[in-house]
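Scroll down for the structure; my scribbles are underneath it.
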Amino acid sequence: MQADWVAATVRGRSMAQRRLGAGACRSLSTLPNLPAAVEALAGSVYAGELAAARTLQEAQLATRRTVLWQLRVLAGWLPASGTPLVRAVAARFEADNIVALAAALSAGTPPDEAPDRTPGSSGSSGSSGSSGSSGSSGRSDTSASTPFDLGGLATAWPRLRTAESLDTLQPMLAASPWGSPGPADSLSATLPDTLAAVWLRRVASAAPEARPWAVAAAVLLVARLLLVDGGRPTERQVSLLRPLIGTGWAEAFSLPELLLALSPAAGQALAGVQDPRELWRAEAALAGRVETDGFSLLRAGLPGPGVVLGAAAVLAADAWRVRAALAAAGSGGGGSEVLDAVA
């Protein structure tokens with residue numbers, strides 16, 4: 001037994017028990033409007049961050065801030081050897097801060113003169129093809145808000161946030177653990193997927209149990225890039241994703257071509273998808289898989305990093321369900337097609 005992991009294991013399991021849960025999220029999705037849904041969450045772990053939410057965007061962002069706070073609390077119970085694991089998971093939030101900063105700089109507005117921006121989650125009830133999630137494929141949308149506060153889980157954000165232009169941000173990123181983001185003149189367009197790829201690599205490296213999730217998320221990331229956005233990957237993106245899904249995918253122009261270029265195991269991430277417009281179903285399936293695997297890790301007999309990873313996965317998946325439920329309620333209730341996809 002890893003005695004130094006006992007406290008973190010106990011705390012992680014306790015935090016996971018306070019999740020809202022699938023049943024409550026399904027009930028939440030049937031409420032007639034967003035204010036009713038936010039009120040229903042008054043006694044939940046999300047209440048503190050939701051208190052000031054007035055829009056769907058703000059409410060969904062509040063669930064992500066809740067998860068980050070939970071990760072910061074969990075990190076406080078970890079032995080020194082466990083910090084890299086939680087920092088790798090939390091790096092998604094730092095990536096979102098960087099993308100938002102780059103967007104502000106690209107607009108030509110100094111960060112100290114413009115509203116702070118950080119990616120949130122737009123979400124939907126499923127009818128528009130969005131899973132209501134943020135991060136299933138490593139991507140996030142951008143919405144006005146203050147940056148995520150990573151505290152001690154930050155990797156490079158305290159320095160990067162001082163960048164005054166894309167020309168200064170580019171070399172600062174290159175010198176950080178995030179690595180080269182590519183040319184400054186195309187930074188805004190390529191940065192989100194590049195940082196997402198770096199994050200997936202970090203998570204897979206920090207936690208072997210998370211590698212299957214990272215592989216599936218990488219497949220969904222490139223599927224959206226190639227088949228929905230109609231974009232082509234940069235050399236850096238191809239290099240970053242090579243250890244996870246190889247390189248053949250970079251030449252695909254259709255779903256059949258993409259499936260042919262992937263290994264059978266990686267291709268399972270697209271199981272049941274017949275059209276790129278159905279990728280939201282694959283993203284929902286991945287969220288469900290992460291949750292299921294997280295529960296399995298939580299039930300592990302001995303304290304250790306696996307249990308902590310399981311707690312982080314369950315907490316993130318619960319917040320994903322809440323975002324989907326909030327989106328459904330915000331659309332008039334009636335349930336969520338997204339939640340139905342992972343029933």
Side-chain angles (χ1 to χ4, degrees), residues 1-28 38 40-51 53 59-94 96 121 133-136 148-154 203 206-207 209-210 213 286-326 339 342:
M1 180 175 68
Q2 302 184 53
D4 53 347
W5 285 85
V6 171
T9 295
V10 171
R11 171 61 79 171
R13 286 172 171 160
S14 175
M15 293 172 74
Q17 288 176 351
R18 296 184 62 201
R19 69 189 184 279
L20 197 64
C25 286
R26 189 170 299 281
S27 297
L28 193 69
V38 171
L41 291 169
S44 73
V45 295
Y46 303 101
E49 292 290 349
L50 278 170
Q60 291 184 317
L61 182 57
T63 71
R64 299 194 67 215
R65 294 192 187 283
T66 298
V67 172
L68 177 56
W69 176 249
Q70 290 170 321
L71 290 175
R72 291 180 61 182
V73 171
L74 190 56
W77 293 84
L78 289 171
S81 61
T83 302
L85 168 61
V86 178
R87 183 170 285 138
V89 174
R92 171 70 270 177
F93 298 95
E94 179 163 297
D96 290 349
S121 173
S133 69
S134 181
S136 293
F148 289 114
D149 183 2
L150 289 103
L153 297 182
V203 171
E209 301 94 333
W213 309 339
L286 175 56
R289 176 184 180 183
V290 169
E291 182 180 54
T292 298
D293 291 350
F295 282 129
S296 295
L297 290 169
L298 275 175
R299 289 192 290 268
L302 299 178
V307 178
V308 172
L309 176 65
V314 168
L315 294 173
D318 191 65
W320 173 86
R321 286 183 181 274
V322 173
R323 287 193 292 277
L326 288 170
L339 295 180
V342 291

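Keep in mind that the numbers below use all heavy atoms, side chains included, and drop hydrogens, waters and symmetry copies.
- The main-chain N or O of Val308 is never found under 3.5 Å from a side-chain atom of Arg11 such that the two would form a donor-acceptor pair.
- Taking both residues in full, the closest heavy atoms of Trp5 and Gly82 are given as CH2-CA, 3.4 Å, listed atom of the first, atom of the second, then distance.
- One N or O on the side chain of Asp318 and one on the backbone of Leu20 form a donor-acceptor pair closer than 3.5 Å.
- Listed here is the closest heavy atom pair of Ala313 and Gly294: CB-CA, 4.0 Å.
- Here the closest non-hydrogen pair linking Tyr46 and Leu315 is OH-O, 4.3 Å.
- The residues Arg64 and Asp96 are annotated as salt-bridged, a charged nitrogen and a carboxylate oxygen being separated by less than 4.0 angstrom.
- Here CG of Leu41 is found 13.0 Å from CD of Glu49. Values are rounded to the nearest 0.5 Å.
- Counting heavy atoms from C-beta outward, Phe148 and Leu61 have side chains that approach closer than 4.5 Å.
- The shortest heavy-atom contact between Ala8 and Leu74 is O-CD1, 3.7 Å.
- Screening residues 13-25 for side chain to side chain donor-acceptor pair (under 3.5 Å) gives no qualifying pairs among residues at least two apart or on separate chains.
- Contact annotation: the side chain of Leu71 approaches that of Phe93 to within less than 4.5 Å [non-hydrogen atoms, C-beta and beyond].
- In this structure the side chain of Trp320 reaches within 4.5 angstrom of the side chain of Leu339, judged on heavy atoms.
- Taken from OG1 in Thr63 to CG in Leu50, the straight-line distance is 7.5 Å, to the nearest 0.5 Å.
- Partners of Glu94 under the side chain to side chain donor-acceptor pair (under 3.5 Å) rule, at least two apart in sequence or in another chain, are Trp178.
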Salt bridge (charged side-chain N to carboxylate O under 4.0 Å, His left out) between Arg65 and Asp149, worked out: CA-CA 8 Å; Arg65 294 192 187 283; Asp149 183 2; over 6 Å; no

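- Minimum heavy-atom separation, Gly310 to Leu298: C-CG, 3.9 Å.
- Scanning all heavy atoms of the two residues, the minimum distance from Leu85 to Pro305 falls at CD2-O, 3.7 Å.
- Residues Arg321 and Glu291 are paired through a salt bridge, judged by an N-O separation under 4.0 Å between the basic side chain and the carboxylate.
- Within the 4.5 Å cutoff, the side chain of Val307 has no heavy atoms near those of the Leu297 side chain.
- From Trp213, atom CH2 reaches atom CG of Asp293 across 6.0 Å, with rounding to the nearest 0.5 Å.
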